[in-house]
Student: 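Sharing a structure with you now.
Order of the sequence lines sets the chain letters (A, B, ...), proteins ahead of strands, with each chain counted from 1.
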Number of protein chains: 2
Amino acid sequence: MTTNAQIKQDFIQGMSGISQFWGFPKALGAIFGALYLSSAPLSLDELVEGTGLTKGAISTNVRALTRMGLIHPVTKLADRKDYYEAETDFYKSVQVMLQGRQNSEFDRAIHSVRETLEQLEAGAGSFDKKERAFLIERLQALQEFFNAIDSVTRAISKLDRLGIHTVQSVIKILK
Amino acid sequence: MTTNAQIKQDFIQGMSGISQFWGFPKALGAIFGALYLSSAPLSLDELVEGTGLTKGAISTNVRALTRMGLIHPVTKLADRKDYYEAETDFYKSVQVMLQGRQNSEFDRAIHSVRETLEQLEAGAGSFDKKERAFLIERLQALQEFFNAIDSVTRAISKLDRLGIHTVQSVIKILK
DNA sequence: TAATTTGTTTAGTAAATACTAAACGTACTA
DNA sequence: TAGTACGTTTAGTATTTACTAAACAAATTA
């Protein structure tokens with residue numbers, strides 16, 4: 001016989017796996033899973049209980065989840081504890097994550113390519129004419145690709161409302 | 001004064017960083033960078049020379065890059081060495097990667113959710129009516145989200161030709 | 001068959017990462 | 001002011017991962 005706790009635990013375990021497949025800590029997925037299955041916001045101690053992780057792990061991963069927009073802090077009056085609840089609009093979280101990832105790191109990639117490109121165009125090095133032209137062409141192509149990705153993520157993150165309807169209309173275009 | 005080798009090395013270093021930002025081995029990015037800056041296909045030993053990695057590392061990462069469609073093996077007649085050249089159509093690589101990632105692991109995520117959902121719908125556990133309805137609703141929402149992602153990636157990977165024009169028309173929709 | 005040239009695999013290592021356990025800080029309460 | 005109830009931070013550990021070095025396999029040539 002499968003108990004209620006076991007069913008929930010299986011799901012939490014599954015989310016844990018999904019999390020690490022996408023390159024996030026397992027604990028992060030587990031915590032989200034626990035919150036997602038709860039109709040009421042949960043405190044840190046309740047999350048310790050529900051996931052089997054320590055308070056430290058919960059504390060750091062709860063912060064990460066909040067930054068991603070996947071959960072939200074909830075305050076109860078006359079209660080010092082912090083409570084958290086799961087965001088149910090995943091598309092909203094996608095936007096938050098794209099915005100975050102955007103600024104920090106992807107720009108560095110583009111920047112790195114542009115730097116090399118500018119050097120070449122300024123005549124750095126002693127490449128013969130033909131090779132310089134070849135290198136410039138390749139780097140420009142790469143830069144354009146990065147810019148395209150950048151445009152898409154920017155467009156998505158700036159939408160007023162991303163949802164199933166937007167996704168469906170995109171799919172329609174792709175056919 | 002910046003030498004030709006230094007300029008290339010800087011770029012290779014940059015690609016190495018981009019690679020690890022996207023969750024791939026640094027060596028993978030470095031190898032691609034070296035090939036991308038070469039007008040002629042390169043052998044393993046030339047890649048050892050160009051990247052400073054050992055033959056073993058080159059061997060394994062070259063295989064990974066080939067699977068991703070980011071580079072291609074090239075055979076020269078009457079030459080036992082394996083040569084590789086960079087794919088210059090990045091959109092094509094995106095398709096290859098989506099196809100690969102598709103089958104293996106994402107399905108497991110969807111499967112895990114469906115499993116829990118089916119259990120609940122079959123009456124497993126001893127949840128009261130209200131909670132069971134709540135859980136089923138949440139899991140259905142999650143499943144729909146996963147399905148939407150799945151649809152998008154499937155649609156992209158099945159396009160005859162993905163390119164800058166497709167990307168642009170998608171962006172237009174998003175505005 | 002022996003020797004050489006190639007790519008692959010394996011065993012070991014170094015580095016990064018995520019977690020635990022416990023100390024710490026802070027703010028409310030008696 | 002001492003005590004308690006929280007959340008955060010830190011120090012240490014275990015696990016994973018990517019790499020090196022070297023053994024190995026396979027296939028050509030002498």
Student: Would you kindly give the CD-to-C1' distance between Gln20(A) and dT15(D), to the nearest whole Å?
Tutor: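 For the pair Gln20(A) CD and dT15(D) C1', the rounded distance is 11 Å.
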Student: Evaluate the ring planes of Trp22(A) and Phe146(B), with Trp represented by its six-membered ring, and classify them as parallel (under 30°), tilted (30 to 60°) or perpendicular (over 60°).
Tutor: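 Ring orientation, 0 to 90° scale: perpendicular.
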Student: Using whole Å, report how far CD of Glu46(A) lies from C1' of dG7(D).
Tutor: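 Nearest whole value for this atom pair: 15 Å.
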Student: Please list residues of residues 55-75 of chain B whose heavy atoms come under 4.0 Å from any atom in DNA chain D, ordered by number; otherwise none.
Tutor: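 Contacts with DNA chain D under 4.0 Å: Ala57(B), Asn61(B).
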Student: Do Tyr83(A) and Glu46(A) have side-chain heavy atoms sitting under 4.5 Å apart?
Tutor: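 Side chain of Tyr83(A) against side chain of Glu46(A), heavy atoms only: contact under 4.5 Å found.
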Student: Checking salt bridge (Lys or Arg N to Asp or Glu O under 4.0 Å) for the pair Lys8(A)/Glu49(A): CA distance, chi angles, key distance, verdict?
Tutor: CA-CA 13 Å; Lys8(A) 290 192 178 183; Glu49(A) 165 73 16; over 6 Å; no
Student: Taking all atoms of both residues into account, what is the closest heavy-atom pair of Val48(B) and Lys55(B), and its distance?
Tutor: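 Looking at all heavy atoms of both residues, the shortest contact is CG2-CG, 3.7 Å.
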Student: Taking atom C1' of dC6(D) as reference, at what distance in whole Å does atom CG of Asp79(A) sit?
Tutor: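 Nearest whole value for this atom pair: 10 Å.
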Student: Which is it for Asp128(A) and Arg132(A) under the salt bridge (Lys or Arg N to Asp or Glu O under 4.0 Å) test, yes or no, and what are the steps along the way?
Tutor: CA-CA 6 Å; Asp128(A) 65 50; Arg132(A) 188 179 302 276; over 6 Å; no
Student: In whole angstrom, give the distance that lies between atom NZ of Lys76(A) and atom C1' of dC6(D).
Tutor: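 About 15 Å, once rounded to whole Å.
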Student: Find the distance Leu47(A):CG to dC6(D):P and express it as a whole number of Å.
Tutor: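 For the pair Leu47(A) CG and dC6(D) P, the rounded distance is 14 Å.
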Student: Could you tell me which non-hydrogen atom of Pro25(A) sits nearest to which non-hydrogen atom of Ser19(A), and how far apart they are?
Tutor: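 Shortest heavy-atom contact: O-OG, 2.6 Å.
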Student: What class does the angle between the rings of Tyr91(A) and Phe145(B) fall in, given that below 30° is parallel, 30 to 60° is tilted and above 60° is perpendicular?
Tutor: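 It falls in the perpendicular class, over 60°.
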Student: First and last nucleotide of DNA chain C in contact with chain A, 5' to 3', at under 4.0 Å to a heavy atom: what are they?
Tutor: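 Endpoints of the contacted stretch of DNA chain C: dA18(C) to dC28(C).
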Student: If you compare all heavy atoms of Ala34(A) against all heavy atoms of Leu47(A), which two are closest, and at what distance to 0.1 Å?
Tutor: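 Nearest pair, atom of Ala34(A) first, then Leu47(A): CB-CD2, 4.0 Å.
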Student: Expressed in angstrom and rounded to an integer, what is the separation of Phe21(A) atom CZ from dT16(D) atom P?
Tutor: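 Taking CZ of Phe21(A) and P of dT16(D), I get 18 Å after rounding.
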Student: Taking all heavy atoms of Leu142(B) and all of Phe11(A), pick out the closest pair and write down the distance.
Tutor: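 Leu142(B) and Phe11(A) have their closest heavy atoms at CD2-CZ, 3.7 Å.
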Student: Please report the distance, rounded to the nearest Å, between CZ in Arg80(A) and P in dG7(D).
Tutor: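 Atom CZ in Arg80(A) sits about 9 Å away from atom P in dG7(D).
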Student: In whole angstrom, what separates Lys26(A)'s NZ from dA14(D)'s P?
Tutor: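 Rounded to the whole Å, the gap is 15 Å.
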